[in-house]
Structures are given as C-alpha cells and as structure tokens.
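Keep in mind that this is a model prediction, so the values were computed, not measured. All residue numbers in this chain count up from 1 along the given sequence.
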Amino acid sequence: MSISDSPASSIYSSGMSGQMSQMDTGLYGQPMAFPKTPDGRSMEQMMGFEPYSSCLTPSSTDRAAQQNQQDFSQFLLPPPASTLRPMGQKRGPSKDSVEYRLRRERNNIAVRKSRDKARRRIQLTQQRALQLQDENHSLQLHIQRLSHEVESLRHYLSQRHLQAKEQDTAGD
C-alpha cells in the first residue's frame with residue numbers, strides 16, 4: 001500500500017469537505033467498526049475524544065466558556081476608586097483604644113523575646129568559638145610535642161643504625 005492510498009493521505013489531499021466520510025472508512029473504502037459501549041457511545045467518546053467534525057465548528061461548550069469568561073470579567077478589573085481608602089490611612093483600632101494598647105504590649109513582649117533569643121544565640125556562638133579556639137591551640141601544642149618526639153626518635157634510630165654499622169665493620 002503506498003502513502004497516497006492511505007486514508008490519512010486522502011484526508012489531507014481532499015481539503016475540509018468530506019473528511020468525515022473518508023475517516024469513517026478503513027483500508028480500501030471498507031467501513032471501520034469501532035466497538036460501542038452499552039449507552040451507544042464509541043470508545044473514542046468514552047475516553048474523552050471528540051469526533052473530528054466537532055473540532056471544525058464552535059460547540060455549545062465553547063460558547064458557554066466564552067460567556068463564563070465575560071461573567072468573570074468584573075473580577076479582573078481593578079475596584080472603583082470610591083472603594084479604596086486614601087493613602088496613609090490604615091485599618092485597625094485607633095491609638096487610644098484598649099485593643100490597640102494590648103496589641104502594642106503583646107508586640108513589645110514578642111520583640112523583647114526575639115531580641116533576647118538572638119542575643120543568647122550570639123553569646124552561645126561566641127562561647128563555642130572561644131572553646132574551639134582553645135581546643136585548636138591545645139591540639140597545635142600536641143602536634144608540636146608529637147613532631148618533636150618523632151624527630152628525637154628518628155635521631156635515636158639513625159644513631160643506633162650507625163653504631164650497628166660500625167660494629168659490623170669492626171667485627172669483620
């Protein structure tokens with residue numbers, strides 16, 4: 001079968017008219033039999049595929065979607081200027097009210113607590129840094145002692161090796 005004999009090529013070559021009649025036929029013009037569900041829908045419709053012809057013209061769902069889009073346009077526009085409060089004017093209780101004083105007191109306590117916590121964290125970090133510096137210094141001293149010990153042991157072993165050589169040469 002060549003490409004020009006296939007149903008797909010005949011669809012592309014024939015333009016928009018008569019597409020459905022050609023798509024309903026299989027090879028050699030035989031009708032294609034798709035299994036139907038008990039409610040009469042084809043398998044394609046059941047899986048959510050629309051027939052090809054519904055793609056060519058706007059459906060009722062497209063028109064409903066356009067209407068819904070127009071209905072929600074009022075929410076997309078900025079509110080009228082009369083509903084906005086002037087700049088500098090804030091919501092909330094007045095500065096003379098009891099509620100305002102309670103809020104300020106709670107906020108002051110929270111700020112104090114937060115700053116104390118930050119101070120404690122800084123203090124602990126500084127203490128840990130000092131502790132690590134002391135530990136680093138003691139480790140450096142330990143390294144120096146061990147390095148000195150290694151040097152003295154090397155010297156001792158080299159001296160011993162030289163004495164053993166002298167004795168071997170003297171004994172021969």
Side-chain angles (χ1 to χ4, degrees), residues 1-9 11-12 23 27 34-35 37 41-52 54-55 61-62 64-66 68-172:
M1 177 174 147
S2 70
I3 295 176
S4 61
D5 295 338
S6 70
S9 67
I11 291 171
Y12 293 121
M23 286 185 67
L27 295 175
F34 292 111
T37 59
R41 294 186 302 162
S42 70
M43 294 301 285
E44 288 85 3
Q45 289 171 335
M46 188 177 80
M47 291 170 46
F49 296 115
E50 292 185 33
Y52 186 73
S54 67
C55 297
T61 57
D62 291 338
Q66 289 172 352
N68 285 344
Q69 196 173 30
Q70 291 170 356
D71 293 342
F72 291 113
S73 64
Q74 64 182 345
F75 298 110
L76 301 176
L77 298 174
S82 61
T83 61
L84 297 175
R85 54 191 155 88
M87 292 294 279
Q89 192 180 45
K90 294 184 178 179
R91 277 190 217 164
S94 69
K95 291 188 177 187
D96 299 332
S97 70
V98 175
E99 181 185 357
Y100 176 80
R101 287 302 326 149
L102 285 173
R103 280 187 182 182
R104 291 301 316 139
E105 190 175 330
R106 276 192 235 122
N107 183 263
N108 290 342
I109 291 169
V111 166
R112 214 174 301 126
K113 185 178 174 183
S114 173
R115 289 178 183 161
D116 287 343
K117 186 177 178 181
R119 277 190 214 103
R120 276 195 310 272
R121 190 180 324 119
I122 290 170
Q123 186 179 19
L124 287 173
T125 304
Q126 289 174 345
Q127 286 176 352
R128 180 73 176 141
L130 289 173
Q131 178 187 3
L132 290 173
Q133 285 176 350
D134 289 343
E135 186 179 341
N136 191 22
H137 182 69
S138 66
L139 289 172
Q140 292 288 343
L141 290 176
H142 188 65
I143 288 171
Q144 284 179 351
R145 281 194 304 269
L146 290 174
S147 297
H148 182 69
E149 186 177 343
V150 166
E151 286 299 316
S152 63
L153 288 172
R154 280 187 183 152
H155 181 70
Y156 173 75
L157 288 174
S158 67
Q159 290 297 323
R160 197 146 178 231
H161 182 67
L162 288 175
Q163 286 176 357
K165 264 189 171 180
E166 286 177 4
Q167 287 175 356
D168 286 344
T169 56
D172 283 340

Derivation of the side chain to side chain contact (heavy atoms under 4.5 Å, CB included) call for Leu141 and Gln144: CA-CA 5 Å; Leu141 290 176; Gln144 284 179 351; 3.8 Å; yes
Name all residues meeting the side chain to side chain contact (heavy atoms under 4.5 Å, CB included) criterion together with [X]; count only those two or more places apart in sequence or in a different chain, and write none if there are none.
X	answer
Gln131	Arg128
Ile109	Glu105, Arg112
Asn107	Arg104, Val111

From Leu132 atom CG to Gln127 atom CD, the distance as rounded to the nearest 0.5 Å: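 Here the interatomic distance stands at 12.0 Å.
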For [X], what residues pass the side-chain hydrogen bond (donor to acceptor under 3.5 Å, both in side chains) criterion, not counting sequence neighbours?
X	value
Asp96	none
Gln159	none
His142	Arg145

Sequence neighbours excluded - salt bridge (Lys or Arg N to Asp or Glu O under 4.0 Å) pairs with any residue from residues 150-161: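 Matches after skipping sequence neighbours: Glu151-Arg154.
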Salt bridge (Lys or Arg N to Asp or Glu O under 4.0 Å) against Arg103, all qualifying residues, sequence neighbours excluded: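 Testing Arg103 for salt bridge (Lys or Arg N to Asp or Glu O under 4.0 Å), a comparison that skips the adjacent residues, returns Glu99.
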Residues 113-124 side chain polar contacts: donor-acceptor under 3.5 Å, at least two apart:
{"unit_1": "Asp116", "atom_1": "OD1", "unit_2": "Arg119", "atom_2": "NH1", "d": "2.7"}

